[in-house]
Protein chains: 2
Amino acid sequence: MTDERRERVRLEISREAAKLFWEQGVMATTGEQIAARVGLSVRTLWRHFRTKESCAEPIITFGVDWFVETLRRWPPERSLEDHIDRELRDVPRTRTPEQQADDLLAVRMMTLADREPALRSAWLMACDQLERETASVIGDRLGRSARDIEVRIHAAAAIGVLRVINEDIGADLLAGADPFAKGQLHIRFAHAVHTATGGVVGDPVGEGQHA
Amino acid sequence: MTDERRERVRLEISREAAKLFWEQGVMATTGEQIAARVGLSVRTLWRHFRTKESCAEPIITFGVDWFVETLRRWPPERSLEDHIDRELRDVPRTRTPEQQADDLLAVRMMTLADREPALRSAWLMACDQLERETASVIGDRLGRSARDIEVRIHAAAAIGVLRVINEDIGADLLAGADPFAKGQLHIRFAHAVHTATGGVVGDPVGEGQHA
DNA sequence: ACACTCCTGTCACTCAGTGCCATCCTGTCA
DNA sequence: TGACAGGATGGCACTGAGTGACAGGAGTGT
């Protein structure tokens, strides 16, 4: 229970930090302000997050987290396009209002990262982390090690396109685009990843197949 | 002249910072130490670099800078593999001892980035910058805008594989691998970029062609 | 009730980074 | 040669990020 509680505290901090970053900018926001909003002492804040910018990480990774979890559930015998298409049908209904609020914050952080170097760096670091996890997923799928150079290259290409498309969607959404058009964009994800890995990550995988 | 002098000061700072980071780690290195080595006041150091980690940026980008410049000189009618192969033949001879020392520092910073989050972040930010420049090169080549989503996706994929291969080469080199085996690895660059962009960045481009 | 442990707050401290002002160095014009 | 303008530098004081050490407080098992 302690672990779960810790996660909830971190998320709460992240939410308040994201709001403040959005309202005033990152530089103008102090650790003291974040701590005050959550109702914690500054000292405790720094025990939960090592740096000010990293306070935004849990929120900022929300969008891509979904993708990586989806990737984890990807059955070998199915193509990526097909898998994502199926997974997407359940998403809109299972999203609670609280999660939707977090999604909005995530999009805001991503677009704010365009102007705020500190946030950009946090966003890139988050994507870097996802790239490592993705490498292990791809490695499993291809029956290779996650340290294998080919596997890492495919992971880098996949997360690279994922990041850019995410930024693009984020900008569109904040500019007032229809969130329901997103469905088609997820298919673009799949297609772009498919292309960027030369078909290696995307095709169905049979027995004994490899890159 | 002022601009060139400024660049030289920045490079000198970057060299000394990189050495200190390598010797003692990033966290253990203070701004005061860096300034002292270069023979500058701390105040002036912060005028040249906004943060401590960014002091490493000029050095850390050395390896990829070469690639991006090569990309800039890439004639439309030639394939990427072919172009890189030709460019590489001149490189080993034109590298001065000073440049070679910088190359070594660059490799060290890249591998140090594995352990030091602050450096990792600087390295990712540098690659991010290169990605933007690459987008404009690719955009020109395809006759599209650098803001075009397809162009940005290709740039992300290309720089992603470039980054991973660079990290791989760096680790190999520091582990004692033969630097002259590097030649073949540059071909791997070209090939991986070619694949990651679905042939779009890599094929020769004729008139009126596009993605 | 007691010991044990984990979480939190308080205080003092170091170091990153900035704003302000004085100084110096350099190139230019008389 | 000397006076002058402007950018680069240094010194100083200050804010804010982040840490270490210590002291309570809350929950838990005995």
Side-chain angles (χ1 to χ4, degrees), chain A residues 1-14 16-21 23-58 60 109 112 115-123 125, chain B residues 1-14 16-21 23-60 109 112-113 115-123 125:
Chain A
M1 179 176 178
T2 300
D3 245 18
E4 181 196 333
R5 180 185 169 76
R6 188 178 170 78
E7 266 322 294
R8 272 175 41 201
V9 173
R10 278 175 59 89
L11 187 55
E12 186 54 32
I13 293 175
S14 195
E16 295 306 324
K19 288 181 201 163
L20 282 166
F21 289 165
E23 291 165 12
Q24 334 173 330
V26 179
M27 282 217 325
T29 301
T30 70
E32 207 170 355
Q33 287 176 322
I34 301 173
R37 284 254 190 139
V38 188
L40 288 175
S41 78
V42 190
R43 187 61 188 87
T44 305
L45 172 66
W46 299 134
R47 269 195 267 261
H48 283 284
F49 290 96
R50 281 174 55 257
T51 70
K52 187 171 71 170
E53 315 83 60
S54 67
C55 291
E57 267 176 27
I60 217 173
M109 288 306 99
L112 196 55
R115 281 164 276 154
E116 300 262 7
L119 266 193
R120 180 104 202 132
S121 157
W123 167 234
M125 287 290 272
Chain B
M1 178 177 179
T2 300
D3 246 18
E4 181 196 333
R5 177 184 171 78
R6 187 177 171 79
E7 265 322 294
R8 272 174 45 200
V9 173
R10 278 175 59 89
L11 187 54
E12 187 54 33
I13 294 176
S14 194
E16 296 305 325
K19 288 180 200 164
L20 283 165
F21 290 166
E23 291 165 12
Q24 335 174 327
V26 179
M27 282 217 327
T29 302
T30 71
E32 206 171 355
Q33 287 177 321
I34 302 174
R37 285 254 190 138
V38 188
L40 288 176
S41 76
V42 190
R43 187 61 189 84
T44 305
L45 172 66
W46 299 134
R47 267 195 270 259
H48 283 283
F49 290 96
R50 280 175 56 259
T51 70
K52 187 170 70 169
E53 315 83 62
S54 67
C55 290
E57 266 175 29
I59 283 291
I60 217 173
M109 288 306 98
L112 197 55
R115 281 164 276 154
E116 300 263 9
L119 266 192
R120 179 104 202 132
S121 153
W123 167 233
M125 287 289 273

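What you see below is based on every heavy atom in this structure, not just the backbone, and it leaves out hydrogens, waters and symmetry mates. Keep in mind the model is a prediction, meaning the values are calculated, not measured. A note on names: the letters A, B, ... follow the listed sequences, proteins ahead of strands, and every chain is numbered from 1.
Taking side-chain N and O atoms only, B:His48 has no distance below 4.0 Å to OP1 or OP2 of D:dA8. Look at B:Ser41 and you won't find any side-chain N or O under 4.0 angstrom from OP1 or OP2 of D:dT9.
Between the B:Ser14 side chain and the B:Ile59 main chain, a donor and an acceptor come within less than 3.5 Å of each other. Judged purely by atom type and a 3.5 angstrom limit, B:Ser41 uses its side chain to pair as donor or acceptor with the backbone of B:Thr44.
Contact record, B:Val38 with B:Ile13: CG2-CA, 3.8 Å, taken as the closest heavy-atom pair. Residues B:Lys52 and B:Phe21 come closest through the heavy atom pair O-CZ, 3.7 Å. The two atoms that bring A:Gly31 and A:Trp46 nearest to each other are CA-CZ2, 4.0 Å, heavy atoms only.
The pairing partner recorded for C:dC20 is D:dG11, the criterion being a Watson-Crick or G-U wobble arrangement whose two distances lie under 3.5 angstrom.
In this structure, B:Arg8 atom CZ and D:dA8 atom C1' are separated by 16 Å, rounded to whole Å. Look at CD on B:Gln33: it is 14 Å from P on C:dG17, rounded to the nearest Å. Atom CG in A:Leu45 sits about 16 Å away from atom P in C:dC7, given to the nearest Å.
Counting only residues at least two apart or on different chains, the side chain to side chain donor-acceptor pair (under 3.5 Å) pairs with a member in residues 30-40 of chain B are B:Glu23-B:Arg37.
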Summarise how protein sits on nucleotides 14-29 of chain D as a single string, 5' to 3': B when a protein heavy atom is under 4.0 Å from the base, S for sugar-phosphate-only contact, - for no contact. ---SBBBB--------
